[in-house]
Protein chains: 2
Amino acid sequence: MSTPPSPSRRPTAADRIRQSARDLFYRQGIRAVGVEEIVQNAGVTKPSLYRAFHSKDGLATVFLTDYQHCFWDRIALVRAAHPEDPHAQILAYFDGLAERSAAPDYRGCALTNAILDYPDRTHPVRQEAARLKHEVRDWLVERAHQMGATDPERLADGLILLMEGAYVVGQAFPPPGPAARVGDCARLLIEAQCGPR
Amino acid sequence: MSTPPSPSRRPTAADRIRQSARDLFYRQGIRAVGVEEIVQNAGVTKPSLYRAFHSKDGLATVFLTDYQHCFWDRIALVRAAHPEDPHAQILAYFDGLAERSAAPDYRGCALTNAILDYPDRTHPVRQEAARLKHEVRDWLVERAHQMGATDPERLADGLILLMEGAYVVGQAFPPPGPAARVGDCARLLIEAQCGPR
DNA sequence: CACGTTAGGTACCGATCGGTAACATCGTCA
DNA sequence: TGACGATGTTACCGATCGGTACCTAACGTG
């Protein structure tokens, strides 16, 4: 983030825009937010946005990668909490997801929302979101392999269905809805494919 | 649908608009489609739309109920194919879902998409979508009960997570993606909570 | 001091958005 | 024939969309 030399100084316009976009894009969806609202919320002006980013789509792409950093930070936390124990790592993530999905203004995963927001499969914003989703699947396949699943890809796919289901169901049903049980379901699915611990 | 007296006559403007909205809203999302595009695609004019529907939101609400009729029609099919056998009914629906999600232009469930399209929980279109989703859950709870699940609501919630996961994952991953396994996962979940048949 | 970088301010562009007013046209039925 | 309801035609409204041109103010560095 362009590493300000003095930490007490006002952040750059680009950083303020990124922060503003992160808030607004996540809460309201990318297409629903206008650039005018972004710059107003950031306390800067429109030319500053277009000096730092090529276009709204460019800013949206940056937003998605920024957002996904938060996901990997979460994964880093469960890894640190349960080193060398992929089983516990996965379950810790799913239990945390069940908790988060009960927040009254839960908005799920920004990548998933972006994919539904852009039906055109060739749109650059959508392609970036899909690329980042594939990375998540790769990570899950790896963990499923370490957990001794008979078919790691099959287990990973089942976990993805539960994750994505929780992302959207957390928005569709008032808490505590079906998303509150995503941890339970993940346990059942893992046990069925790896056997009891 | 206002039942035209002569089946060979040109359908009413309202019906043409409903059909056009069904196509466009489903393929591109409600907010992404303009009323101008709807009426052009229907071969009618804008005043005809506003004579038959209060507003775009009103048309969108009608679209959602129309769309959900297709869902219940599907359910009626699997019920007819497996009468008195809720287990087989559920699995037939999930296997069909796995197949449909592999279509190259799959766009998931219009209700789910509408909920993500309208982050404001008080928006009438979103409330209608949420209401229809609750009906689906009620139906699943009933089936889970008939299947002898130890906790019918828990099984229904798990199946909802898988369903909704398949709806969105079918769009996020090129086929055959994780959504292709939603039938397998449903089998595991049901077996774990009802025992083998 | 002179300079280039980074920023803000203002005003604007063409396009599209949802929605409406006023009037013309058609087919149907009494 | 005459009246009526449904539809088409045209033009328009104010608001918002993403994006840009032009100029000015503050700043650190040589």
Side-chain angles (χ1 to χ4, degrees), chain A residues 1-21 24-25 28-64 114 117-120 123-126 128, chain B residues 1-21 24-25 28-64 114 117-120 123-126 128:
Chain A
M1 318 263 194
S2 66
T3 54
S6 162
S8 66
R9 202 170 42 210
R10 188 178 200 259
T12 68
D15 286 340
R16 295 178 61 87
I17 290 168
R18 281 169 88 137
Q19 183 60 51
S20 174
L24 294 173
F25 281 161
Q28 298 175 227
I30 296 174
R31 296 181 65 160
V33 175
V35 292
E36 188 65 48
E37 192 179 356
I38 294 174
V39 297
Q40 276 187 11
N41 181 257
V44 302
T45 55
K46 230 197 287 195
S48 292
L49 191 156
Y50 286 96
R51 267 188 290 263
F53 307 91
H54 301 143
S55 61
K56 184 190 177 184
D57 284 352
L59 175 58
T61 305
V62 170
F63 157 68
L64 291 181
D117 217 2
Y118 290 89
D120 177 6
H123 194 288
V125 173
R126 166 149 180 173
E128 174 68 4
Chain B
M1 315 270 190
S2 65
T3 55
S6 161
S8 65
R9 207 174 32 217
R10 187 180 200 258
T12 69
D15 286 340
R16 294 177 64 87
I17 290 168
R18 280 168 89 137
Q19 183 61 50
S20 173
L24 293 172
F25 280 160
Q28 298 175 229
I30 295 174
R31 296 181 65 158
V33 175
V35 292
E36 188 65 49
E37 193 178 355
I38 294 173
V39 297
Q40 276 186 12
N41 181 259
V44 302
T45 55
K46 226 193 300 190
S48 290
L49 191 157
Y50 286 96
R51 272 188 285 258
F53 306 93
H54 301 141
S55 62
K56 185 191 177 185
D57 285 352
L59 175 59
T61 305
V62 169
F63 156 68
L64 292 182
D117 215 2
Y118 290 90
D120 177 6
H123 194 288
V125 174
R126 166 150 178 172
E128 174 69 3

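Each chain gets a letter, A, B and so on, in the order the sequences are listed, and its residues count up from 1.
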Asks: Calculate the interatomic distance between I30(B) atom CD1 and dC17(C) atom C1'; express it in whole Å.
Replies: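 Value for this atom pair: 16 Å.
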
Asks: Can you tell if the side chain of T45(B) reaches within under 4.5 Å of the side chain of V39(B), non-hydrogen atoms only?
Replies: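 SC-SC contact between T45(B) and V39(B) ruled out.
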
Asks: Counting side-chain heavy atoms from C-beta on, which of dG18(C), dG8(D), dG19(D) comes nearest to K46(A)?
Replies: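 Closest nucleotide among those given: dG19(D).
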
Asks: Donor-acceptor pair under 3.5 Å: do we get one between R51(B)'s side chain and the base of dG8(D)?
Replies: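 For R51(B), whose side chain was compared with the base of dG8(D), there is a donor-acceptor pair (under 3.5 Å).
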
Asks: If you only use heavy atoms from C-beta on, which nucleotide in dG18(C), dG8(D), dT9(D) is closest to the side chain of K56(B)?
Replies: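 The listed nucleotide nearest to K56(B)'s side chain is dG18(C).
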
Asks: What is the distance, rounded to the nearest whole Å, between atom CG of L24(B) and atom P of dG18(C)?
Replies: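 Rounded to the whole Å, the gap is 12 Å.
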
Asks: Which nucleotide, dG8(D), dG18(D), dT7(D), lies nearest any side-chain atom of V35(A)?
Replies: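 Selected nucleotide (nearest to the side chain): dG18(D).
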
Asks: Looking only at heavy atoms, which two atoms of A21(A) and I38(A) are closest? And how far apart?
Replies: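 Heavy-atom minimum between the residues: N-CG2, 4.2 Å.
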
Asks: Report yes if a side-chain nitrogen or oxygen of Y50(A) is closer than 4.0 Å to either non-bridging phosphate oxygen (OP1 or OP2) of dT20(D); otherwise report no.
Replies: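 No, Y50(A) has no side-chain N/O under 4.0 Å of OP1/OP2 on dT20(D).
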
Asks: Round to the nearest Å and state the distance from E37(A) atom CD to dG19(D) atom P.
Replies: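 Taking atom P of dG19(D) as the reference, CD of E37(A) is at 16 Å.
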
Asks: F63(B) versus V125(B): any side-chain heavy-atom pair under 4.5 Å?
Replies: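 The answer is no; the side chains never approach within 4.5 Å.
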
Asks: Return whichever of S48(B) or D57(A) has its heavy-atom-nearest nucleotide of DNA chain D closer to the 5' end.
Replies: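 The answer here is S48(B).
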
Asks: In whole angstroms, how far is the C1' atom of dT20(C) from the NE2 atom of H54(B)?
Replies: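 The distance from NE2 of H54(B) to C1' of dT20(C) comes to 16 Å, rounded to the nearest Å.
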
Asks: Select one nucleotide: of dG18(D), dG8(C), dA21(C), the one nearest the side-chain heavy atoms of P47(B).
Replies: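 Closest nucleotide among those given: dA21(C).
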
Asks: Taking the side chain as every heavy atom from C-beta outward, state whether Y118(A) and D57(A) have any atom pair closer than 4.5 Å.
Replies: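 SC-SC contact between Y118(A) and D57(A) confirmed.
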
Asks: Nearest whole angstrom, please: distance from the C1' of dG9(C) to the CD of E36(A).
Replies: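 Distance check: E36(A) CD to dG9(C) C1' gives 12 Å.
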
Asks: Does V39(B) reach a base, just sugar-phosphate, or nothing at all? Heavy atoms under 4.0 Å.
Replies: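 No contact.
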
Asks: In whole angstroms, how far is the C1' atom of dG19(C) from the CD1 atom of I38(B)?
Replies: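 Spelled out: CD1 on I38(B) to C1' on dG19(C) is 13 Å.
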
Asks: Send over the distance from Q28(B) CD to dC17(C) C1', rounded to a whole Å.
Replies: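 Between C1' of dC17(C) and CD of Q28(B): 15 Å.
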
Asks: T45(B) has a side chain; which of dG8(D), dG18(C), dG18(D) sits nearest to it?
Replies: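 For T45(B), the side-chain atoms sit closest to dG8(D).
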
Asks: Between dG18(D) atom C1' and R31(A) atom CZ, what is the distance in whole Å?
Replies: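 Interatomic distance, CZ of R31(A) to C1' of dG18(D): 13 Å.
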
Asks: Kindly indicate whether the side chain of L24(A), heavy atoms from C-beta on, has any atom under 4.5 Å from the side chain of I30(A).
Replies: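 No; the side chains remain at least 4.5 Å from each other.
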
